[in-house]
Structure formats: C-alpha cells, structure tokens
Protein chains: 2
Amino acid sequence: MGLDEKLLNEYWTDIYFLLHYPHKEKVTHQVIRIMQLIEKKETVGIGDVAEYFGISHNTASEHVKRIIEKGFLVKNRDKADERKVILALTTFGQKVLQRNTSLDGEKLKQVLAGMTEEERQHIESAFQLLRERSIDVCSV
Amino acid sequence: MGLDEKLLNEYWTDIYFLLHYPHKEKVTHQVIRIMQLIEKKETVGIGDVAEYFGISHNTASEHVKRIIEKGFLVKNRDKADERKVILALTTFGQKVLQRNTSLDGEKLKQVLAGMTEEERQHIESAFQLLRERSIDVCSV
DNA sequence: AAGATTATATCTTATATAACGATATAAAAC
DNA sequence: GTTTTATATCGTTATATAAGATATAATCTT
C-alpha cells in the first residue's frame with residue numbers, strides 16, 4: 001500500500017506547522033480567506049465574495065470595507081460595467097496574506113539550501129505534479 | 001536555477017486553494033491555531049498557549065474555555081502536578097481542525113487515484129523529505 | 001424614456017471574539 | 001507557613017461578524 005490521502009495530509013500539516021510564519025497581525029480567518037480568493041481568482045467583486053462564502057452581499061460589502069480600511073485591498077470599478085467592483089490586493093495585503101498562508105520564506109530557504117540539486121528537483125516535480133492533477137480534478 | 005522558496009510557495013498555496021475544504025464552521029483564526037498547537041505538540045497547557053501566541057495567561061484561559069464550550073477540546077489535569085492542565089482535542093475538534101488546515105480528503109483521494117503507483121511514490125518521498133528537513137531546521 | 005434588474009453601499013442592531021488588569025483559588029515548592 | 005506556580009473568573013473595552021432594511025447608481029428591457 002503506497003501513499004494515501006491520510007498520510008499525505010499528515011505530511012502536509014506537519015510541514016505547515018513547522019514552517020509557518022509566526023503570526024503577528026491580528027487578522028481574522030475570514031479576512032484571510034477573502035484575500036486568498038482575490039489573489040487566486042481572476043476578477044473578484046463583492047458578489048463573488050458573498051457567493052463563495054455563502055454570506056449576504058451586505059456582509060460581504062462590509063468585510064471588504066474593513067479590509068480596505070486596513071490597507072490590504074483596493075477597489076477598482078470595472079470599466080465595462082461601472083456597477084461592478086474589481087478587488088485587488090495591495091502590496092501590503094500581499095505580504096499579510098503571505099505571512100498567513102505561505103511557508104516562512106527564510107525557513108524554507110534554509111531547508112532548500114540544505115538539499116542537493118537533485119533533491120530540490122525531486123521536490124519541485126512532485127509539487128508541480130500535485131498541482132497539475134489538482135487543477136484537473138477541481139475544474140471549477 | 002532550480003527550485004526556490006518562491007516557486008515552492010506558489011505551488012503550496014495553489015494546492016491549498018484548490019484542495020481545501022469548503023469552510024463551514026465559523027471558527028476563528030485563533031481557535032484553529034490553538035487547536036493546531038495542541039494537536040502537533042505533546043503536552044500543552046494554558047501557559048504554553050499563552051507563551052506560544054504571546055498573549056496573557058488569562059486570555060489564553062478564556063480562549064480555551066470557549067473552545068471547550070464548543071466541544072472541540074477537553075481538559076485533563078496532570079496526574080503528577082494537579083495544577084497543570086493537559087489539553088486534548090475531541091474527535092469533533094479533530095474533524096474541525098482537519099477541515100480548516102488539511103486538504104480535502106475526497107478531492108485528494110481523487111487526485112491520488114488518477115496517478116500511477118510510481119507518481120504516488122514520487123510525491124510521498126518528496127513530502128517525506130521536505131518534512132524531515134523541516135524538522136532538522138526547526139529544531140524547536 | 002420609464003421601469004425593472006443588477007451590483008454595491010450604508011445604517012442599525014445583535015451577538016461573539018479578543019484582550020487585559022485585577023483578583024481568586026488551589027496545588028506544589030521552599 | 002509563606003511563596004511560587006498554574007489556572008480561573010470578573011469586569012471592562014474594543015473590534016468582528018452577520019443580517020435585515022433600505023438606498024444608490026449603472027445597466028438592461030421594452
């Protein structure tokens with residue numbers, strides 16, 4: 001019996017626990033998830049946020065308002081349809097998101113530095129493969 | 001130039017974004033982080049929570065109280081030193097934590113099912129290696 | 001052009017969370 | 001028997017979360 005989803009998840013959560021950033025900012029879960037959606041999807045507006053999280057449009061609007069007040073997001077109006085808002089992360093917002101979802105850059109650098117070129121190649125192709133197949137399966 | 005920490009983080013966050021569970025529970029960020037600490041470390045008490053997150057002991061105590069009220073945690077007293085509390089996740093708490101930090105089991109199963117045994121082996125050894133080296137670097 | 005629809009914003013209200021200082025308790029150490 | 005350690009509780013303050021009701025402003029329909 002080879003790799004199953006349980007074992008892979010154990011690796012996954014262990015690695016995150018070991019390498020995550022020390023969380024400084026007091027950012028809530030919702031805020032991070034909204035920023036993550038905006039970073040990973042093309043054009044995201046208020047309605048998309050509401051739909052994705054199953055909350056009402058006014059709640060989504062207030063979330064976005066608060067996130068903008070913190071300086072993590074900016075609003076742009078859609079040129080083609082001025083009713084629509086297009087949300088984008090500020091550079092500061094990108095940093096905050098990174099510190100809350102990525103692996104700690106410095107620690108990761110150290111880990112990679114301690115590897116041979118072959119090992120790094122091995123890891124790269126594994127992650128690349130897992131991402132590719134994930135895209136195939138989650139064709140949303 | 002091979003794999004650097006930026007590229008690996010791109011893979012990492014993409015995979016998480018694609019494969020994460022649809023977040024149902026309204027759990028806050030702090031709650032998840034505290035549960036994660038309790039799951040991954042040996043014996044965790046109130047003081048450990050306070051120290052790890054840089055909050056006061058009373059705040060930590062209240063956090064834990066609320067988490068227990070939700071049914072995610074249980075408190076046990078240390079037999080050797082009855083002042084000390086030893087925190088443990090309930091099965092429900094484990095499920096909630098899983099849904100908020102792991103990759104979605106069903107989606108992951110599908111992804112793995114679409115792979116050859118060789119590919120799975122490749123991914124397993126890559127994750128195993130990354131975890132091992134992370135433990136070495138983060139000798140906390 | 002008038003009315004309907006769509007996308008977002010604001011106001012109000014209710015509840016939950018986060019954090020801390022001050023204080024209390026109870027076990028263990030000295 | 002006092003001090004220290006580990007945790008708990010109370011009171012308070014600030015902020016976050018969520019939604020209903022309502023408003024605005026652009027676009028679509030006829």
Side-chain angles (χ1 to χ4, degrees), chain A residues 22-38 41-88 93 96-97 99-100, chain B residues 22-38 41-88 93 96-97 99-100:
Chain A
H23 307 271
K24 281 185 191 173
E25 298 87 1
K26 314 256 150 111
V27 204
T28 69
H29 211 210
Q30 304 277 43
V31 168
I32 289 161
R33 281 151 59 188
I34 290 171
M35 291 204 289
Q36 204 168 24
L37 179 69
I38 290 163
K41 289 237 173 185
E42 287 301 298
T43 51
V44 176
I46 302 293
D48 300 308
V49 172
E51 193 197 354
Y52 192 81
F53 296 105
I55 56 178
S56 67
H57 54 104
N58 41 19
T59 303
S61 176
E62 306 240 34
H63 272 305
V64 168
K65 194 167 119 192
R66 275 195 302 273
I67 302 176
I68 288 169
E69 277 165 10
K70 285 181 180 154
F72 300 162
L73 277 187
V74 283
K75 239 181 241 182
N76 298 304
R77 290 283 166 173
D78 189 338
K79 300 275 173 186
D81 184 345
E82 289 276 345
R83 289 172 308 180
K84 281 185 190 159
V85 155
I86 295 173
L87 297 167
V96 171
L97 180 60
R99 273 202 290 272
N100 281 279
Chain B
H23 307 271
K24 281 186 191 172
E25 300 88 357
K26 313 256 152 111
V27 204
T28 69
H29 209 213
Q30 303 277 45
V31 169
I32 291 162
R33 281 151 59 187
I34 291 171
M35 291 205 288
Q36 206 167 24
L37 179 69
I38 290 163
K41 290 237 173 185
E42 286 302 297
T43 50
V44 175
I46 304 292
D48 299 308
V49 172
E51 192 197 355
Y52 192 80
F53 295 105
I55 56 180
S56 66
H57 55 103
N58 42 17
T59 303
S61 176
E62 307 237 36
H63 274 303
V64 168
K65 196 168 119 194
R66 274 196 301 274
I67 303 176
I68 287 169
E69 276 165 11
K70 286 183 180 155
F72 301 162
L73 276 188
V74 283
K75 238 181 243 182
N76 298 304
R77 290 282 166 173
D78 189 337
K79 301 275 175 186
D81 183 344
E82 289 277 345
R83 289 172 305 179
K84 281 187 191 160
V85 155
I86 295 174
L87 298 166
V96 171
L97 180 60
R99 274 202 290 275
N100 281 280

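Quick note on labels: first sequence line is chain A, next is B, and so on, each numbered from 1.
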**Student:** Please list, for nucleotides 23-30 of chain D, all pairs of protein and nucleotide N/O atoms separated by less than 3.5 Å.
**Tutor:**
from    : atom 1 : to       : atom 2 : distance (Å)
dT27(D) : OP1    : Glu82(A) : N      : 3.0

**Student:** Sequence neighbours left out, what passes side-chain hydrogen bond (donor to acceptor under 3.5 Å, both in side chains) with Asn58(A)? Give chain and number order.
**Tutor:**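 Only Ser56(A) meet the side-chain hydrogen bond (donor to acceptor under 3.5 Å, both in side chains) criterion with Asn58(A).
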**Student:** Any side-chain heavy atom of Val27(B) sitting closer than 4.5 Å to one from Phe72(B)?
**Tutor:**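 A side-chain contact under 4.5 Å exists here.
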**Student:** Under a 4.0 Å heavy-atom cut-off, which of residues 46-56 of chain B touch DNA chain D?
**Tutor:**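 Contacts with DNA chain D under 4.0 Å: Ile46(B), Gly47(B).
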**Student:** With a cut-off of 6.0 Å (strictly less than), are more than 12 heavy atoms of other residues, nucleotides or ligands near CD of Glu82(A)?
**Tutor:**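 Check passes, neighbour count above 12.
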**Student:** So Leu97(A) and Ile32(A), do their side chains get closer than 4.5 Å, heavy atoms only?
**Tutor:**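 Result yes, sub-4.5 Å side-chain heavy-atom pair found.
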**Student:** If I take atom NE2 in residue His29(A) and atom C1' in nucleotide dA18(C), what distance separates them, rounded to the nearest angstrom?
**Tutor:**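 Roughly 16 Å, once rounded to whole Å.
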**Student:** Could you check how far CD1 of Ile67(A) sits from P of dA9(C), rounded to whole Å?
**Tutor:**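 My rounded result for the distance is 12 Å.
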**Student:** Between His29(A) and Asn100(B), is the side-chain contact (heavy atoms from CB on, under 4.5 Å) condition met? List the steps.
**Tutor:** CA-CA 10 Å; His29(A) 211 210; Asn100(B) 281 280; 3.2 Å; yes
**Student:** What closest approach, in Å, do Val96(A) and Met35(A) show between heavy atoms, and which atom pair accounts for it?
**Tutor:**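 What the structure gives for the nearest pair is CG1-CE, 4.0 Å.
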**Student:** Tell me: NZ of Lys84(A) to P of dA9(C), nearest whole Å?
**Tutor:**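 Answer to the nearest Å: 14 Å.
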**Student:** In whole angstroms, how far is the C1' atom of dA7(C) from the NZ atom of Lys75(A)?
**Tutor:**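 Atom NZ in Lys75(A) sits about 11 Å away from atom C1' in dA7(C).
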**Student:** Return no unless some side-chain N or O of Ser61(B) is found under 4.0 Å from OP1 or OP2 of dT7(D).
**Tutor:**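 No, because none of the side-chain N or O atoms of Ser61(B) sits under 4.0 Å from OP1 or OP2 of dT7(D).
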**Student:** Could you check whether any side-chain heavy atom of Ile68(A) comes within less than 4.5 Å of a side-chain heavy atom of Lys75(A), counting everything from C-beta outward?
**Tutor:**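 Ile68(A) vs Lys75(A): side chains touch.
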**Student:** Please give me the minimum heavy-atom distance between Leu37(B) and Val44(B), naming the atom from each residue.
**Tutor:**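 Residues Leu37(B) and Val44(B), closest heavy atoms: O-CG2, 3.9 Å.
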**Student:** Verify, without hydrogens or angle tests, whether Arg77(B) (side chain) and Ile86(B) (backbone) share a donor-acceptor contact under 3.5 angstrom.
**Tutor:**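 No, the answer is negative, given that no donor and acceptor are paired below the 3.5 Å cut-off.
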**Student:** Which whole-number value in Å describes the distance from His63(A) NE2 to dT17(C) P?
**Tutor:**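 Checked: the NE2 to P distance equals 14 Å.
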**Student:** Just report the end-to-end axis angle for the helix from dA1(C)-dT30(D) to dC30(C)-dG1(D), five pairs per end, to 10 degrees.
**Tutor:**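 Both end axes considered, the difference amounts to 20°.
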**Student:** Decide yes or no for Ile34(A) and Leu87(A): does some side-chain heavy atom of the first lie under 4.5 Å from some side-chain heavy atom of the second?
**Tutor:**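 In short, these two side chains do not touch, never coming nearer than 4.5 Å.
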**Student:** Respond yes when some side-chain nitrogen or oxygen of Thr59(A) is under 4.0 Å from OP1 or OP2 of dT17(D), and no when none is.
**Tutor:**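 No, no such contact exists.
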**Student:** Can you tell me how far the NZ atom of Lys84(A) sits from the CD1 atom of Ile46(A), to the nearest 0.5 Å?
**Tutor:**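 These two atoms lie 13.0 Å from each other.
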**Student:** Using a heavy-atom cut-off of 4.0 Å across all strands, would you classify Thr28(A) as base, sugar-phosphate, or nothing?
**Tutor:**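 Result for Thr28(A) = sugar-phosphate.
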**Student:** Quick one: which protein N/O atoms are closer than 3.5 Å to N/O atoms of nucleotides 11-16 of chain C? Pair and distance per line, please.
**Tutor:**
from    : atom 1 : to       : atom 2 : distance (Å)
dC11(C) : N4     : Glu62(A) : OE2    : 2.7

**Student:** Should Asp48(B) and Lys41(B) count as side-chain neighbours, where that means a heavy-atom distance under 4.5 Å?
**Tutor:**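 Result no, sub-4.5 Å side-chain heavy-atom pair not found.
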**Student:** How close or far is atom C1' of dA8(D) from atom CG of Leu73(B), stated in whole angstroms?
**Tutor:**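 Rounded to the whole Å, the gap is 16 Å.
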**Student:** Tell me: CD of Gln30(A) to C1' of dT17(C), nearest whole Å?
**Tutor:**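 Result: 13 Å.
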**Student:** Name all pairs fulfilling the side-chain hydrogen bond (donor to acceptor under 3.5 Å, both in side chains) condition that reach into residues 61-74 of chain A, sequence neighbours left out, sorted by first residue then second.
**Tutor:**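 Checked against side-chain hydrogen bond (donor to acceptor under 3.5 Å, both in side chains) - neighbours excluded - the pairs reaching residues 61-74 of chain A are His63(A)-Arg66(A).
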